[in-house]
Each structure stands twice: as structure tokens, then as C-alpha cells.
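A quick write-up on the structure given underneath.
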Amino acid sequence: MFLYLQKLLHFLIPYPCPCCKKFLGENERGICSSCLSAIRWIEPPFCSICGVPFISSRAGNHFCGPCTLRKRSFHMARALGYYEGTLRLAIHQWKYQQKTSLTSFFGEILGKGFYRYWDPSSIDLLVPVPLHPKRLRERGFNQSLLLVKALSDRTGIPYQKRLLRKIHPTPPLMELRAGEREKVIKGSFRVMKKREIEGKYILLVD
């Protein structure tokens, strides 16, 4: 029903691309085709564990230096695109300017990216990274939860939104280096229902 109303409103009142402000065409969703083509997607080769892309394209996927030197607390991490240009602007518009029309766009590309790396039968549960209550009040929504709901609809994998709780607020992490991020967020989250994750394969969405 919601999708039908969204299409009807788009037909009656065309809305602009949040990146270039040009009105979207009938078959364009979220951002215009021109801005979409400017996004640089992450392609192999990249680290088999953390997903960080390599500069050289001569070798296939392999472990990066940090993943070789230390044991990770996760099996595999993946990102879809480079955080730059159009994609960075679209994310900012969605998160901080409440351009909720972008939710379906991000949900769609996340769904397509999921099937590149995972089989739905291999994942038991989807879990969104929570916001601290103060940040949630300021923003009005948790974008990770919206992504999880969209991914659950597309894959049939159940999700649990109260498994994790952010117990300490943290500053914005976007401009911090990886090592700095680890220090900032350490001890900031708490697992609330440990029995519900024992022996399960969890996909954490951020």
C-alpha cells in the first residue's frame, strides 16, 4: 500500500534529486540516473575479510595487512560503494536532512549487494546498529533500522531491533580514522539478549 501511494505521489508531485536538484523522471527512484552513474561502486579485488579495496587490480581477493596481523571479531564485512561524491552527499541528505525518499533507494541497492556476497539461508538474524537515545531523538529515525527492515522484506531473514543498545554517546565517526573509531566506540554498545544470538550467524547492518 505504501509503495503504491509513493508511486502515486511521485506521479502527481515529482520530487527533485537530492544531489543535483533536477526533477526525477518517471522511472527514476531516489536519485537521478545521472547522479547514480557517478557513484563509484566497490569491486574486486578487496580484502577477503574486511572488504577494504586494493589499489592494484592485478591480484585477486586476499587478506589485507591488518587482517593478516590480527584476528577479527567478525567473519566478513562488506561495503557497496566509496564514501565520496554523489554517494556521500546522498547519505548526508538521508541521515541529516531527513530525505526519507532515499530510504527505498538505499534499501534496493543494499538488497542487490546482499546477494553478491551472501545466501539468505546462511544468515539467521539481521541486527541494526543502534543509535544512542539522544541521537535518535535529534535525528528522528535510525537509518540502520530502516535498512534492516528493507533487507528483511527482500530476503525473508528475520530481524531483531532490540538486541543491541548503545549505552554511551559518541562523537560523529565519519572523519575519524579506523583506529580512532575503535577507541571511540569501545564499550559503547551492550548486547541485551545474549541467548538470542548464541550459535547464530548474525548480519550487523550499519
Side-chain angles (χ1 to χ4, degrees), residues 36-91 94-95 105-130 142-161 163-164 166 170 172-191 194 196-206:
L36 180 62
S37 65
I39 295 177
R40 193 160 60 110
W41 304 106
I42 294 177
E43 299 290 344
F46 43 67
C47 176
S48 304
I49 297 179
C50 72
V52 169
F54 298 120
I55 297 176
S56 174
S57 59
R58 294 181 179 179
N61 294 346
H62 56 279
F63 291 179
C64 67
C67 287
T68 302
L69 296 175
R70 53 183 286 197
K71 182 176 177 58
R72 296 294 191 179
S73 56
F74 54 87
H75 174 66
M76 185 174 74
R78 290 292 181 265
L80 299 181
Y82 290 87
Y83 186 63
E84 62 182 21
T86 296
L87 185 57
R88 185 178 189 274
L89 178 58
I91 291 173
W94 184 46
K95 290 175 63 174
F105 166 73
F106 283 116
E108 181 178 350
I109 63 174
L110 180 66
K112 291 179 179 178
F114 173 88
Y115 284 100
R116 290 182 61 184
Y117 306 115
W118 289 283
D119 180 341
S121 63
S122 68
I123 306 295
D124 297 309
L125 196 63
L126 302 172
V127 175
V129 172
N142 179 0
Q143 72 282 352
S144 296
L145 177 56
L146 295 182
L147 288 177
V148 160
K149 288 180 177 180
L151 190 57
S152 178
D153 289 342
R154 287 170 168 80
T155 62
I157 303 172
Y159 69 91
Q160 172 58 267
K161 63 180 181 180
L163 256 180
L164 283 180
K166 192 165 188 180
T170 55
L173 305 178
M174 293 179 297
E175 306 302 330
L176 299 180
R177 296 179 179 178
E180 296 173 327
R181 292 185 181 189
E182 290 186 17
K183 292 180 181 179
V184 167
I185 66 173
K186 188 175 182 179
S188 299
F189 297 92
R190 177 179 296 167
V191 178
K194 294 184 179 180
E196 294 192 21
I197 65 173
E198 291 179 353
K200 293 183 178 181
Y201 288 94
I202 309 295
L203 181 61
L204 186 67
V205 179
D206 189 14

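G113 approaches L80 most closely through the heavy-atom pair CA-CD2, 3.6 Å. Between L87 and Y82, the shortest heavy-atom contact is CD2-O, 3.5 Å. In this structure, P45 and S56 approach most closely via the heavy-atom pair CG-O, 3.2 Å. Between N61 and P44, the shortest heavy-atom contact is OD1-CB, 3.6 Å. For the residue pair G107 and A150, the shortest heavy atom distance occurs at CA-CB, 3.9 Å. Contact between S188 and T170 at its shortest, heavy atoms only, is OG-CG2, 3.4 Å.
Without hydrogens or angle criteria, N142 side chain to V129 main chain gives a donor-acceptor distance under 3.5 Å. The main-chain N or O of C64 is found under 3.5 Å from a side-chain atom of T68 such that the two form a donor-acceptor pair. Judged purely by atom type and a 3.5 angstrom limit, K112 has no side-chain atom pairing as donor or acceptor with the backbone of E108.
Residue S48 holds its OG atom at 9.5 Å from CE of M76, rounded to the nearest 0.5 Å. The distance from atom CD1 of I109 to atom CD1 of I39, rounded to the nearest 0.5 Å, is 6.0 Å. Going from atom CD1 of I49 over to atom CZ of R70 covers 11.0 Å, rounded to the nearest 0.5 Å. A distance of 6.5 Å separates OH in Y117 from CZ in R78, rounded to the nearest 0.5 Å. To the nearest 0.5 Å, atoms CD (E84) and CZ (R40) are separated by 4.0 Å. Annotation: the span from L151 atom CG to L126 atom CG amounts to 5.0 Å, rounded to 0.5 Å.
A salt bridge does not link E182 with R177: none of the charged nitrogens is closer than 4.0 Å to a carboxylate oxygen.
Two residues are said to be in side-chain contact when any heavy atoms from C-beta on lie closer than 4.5 Å; F106 and Q143 fail this criterion. Between P53 and E43, every side-chain heavy-atom pair lies at or beyond the 4.5 Å cut-off. Looking at Y159 and L145, their side chains come closer than 4.5 Å, going by heavy atoms from C-beta outward. With contacts defined as side-chain heavy-atom distances shorter than 4.5 Å, the pair I123/I202 does not qualify. With contacts defined as side-chain heavy-atom distances shorter than 4.5 Å, the pair Y115/T155 qualifies. Counting heavy atoms from C-beta on, the side chains of L163 and L125 come closer than 4.5 Å. Residues R154 and P120 are not in side-chain contact: their nearest non-hydrogen atoms beyond the backbone lie 4.5 Å or more apart. At a threshold of 4.5 Å between non-hydrogen side-chain atoms, the residues Y83 and I91 count as touching.
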Inset, instruction - Check the pair V127, L203 against side chain to side chain contact (heavy atoms under 4.5 Å, CB included), reporting the backbone distance first and the verdict last. - result: CA-CA 6 Å; V127 175; L203 181 61; over 6 Å; no
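Remark: aromatic rings of H75 and Y201 are distant, center separation not under 6.0 Å.
Within a 6.0 Å sphere centred on CZ of F63, other residues, nucleotides and ligands contribute 12 heavy atoms or fewer. The number of heavy-atom neighbours closer than 6.0 Å to CZ of R190, taken from other residues, nucleotides and ligands shown, is 12 or below. Within 6.0 Å of NZ in K186 there are 12 or fewer heavy atoms belonging to other residues, nucleotides or ligands.
The aromatic rings of H62 and F54 sit parallel, their planes meeting at an angle under 30°, below the 60° perpendicular limit.
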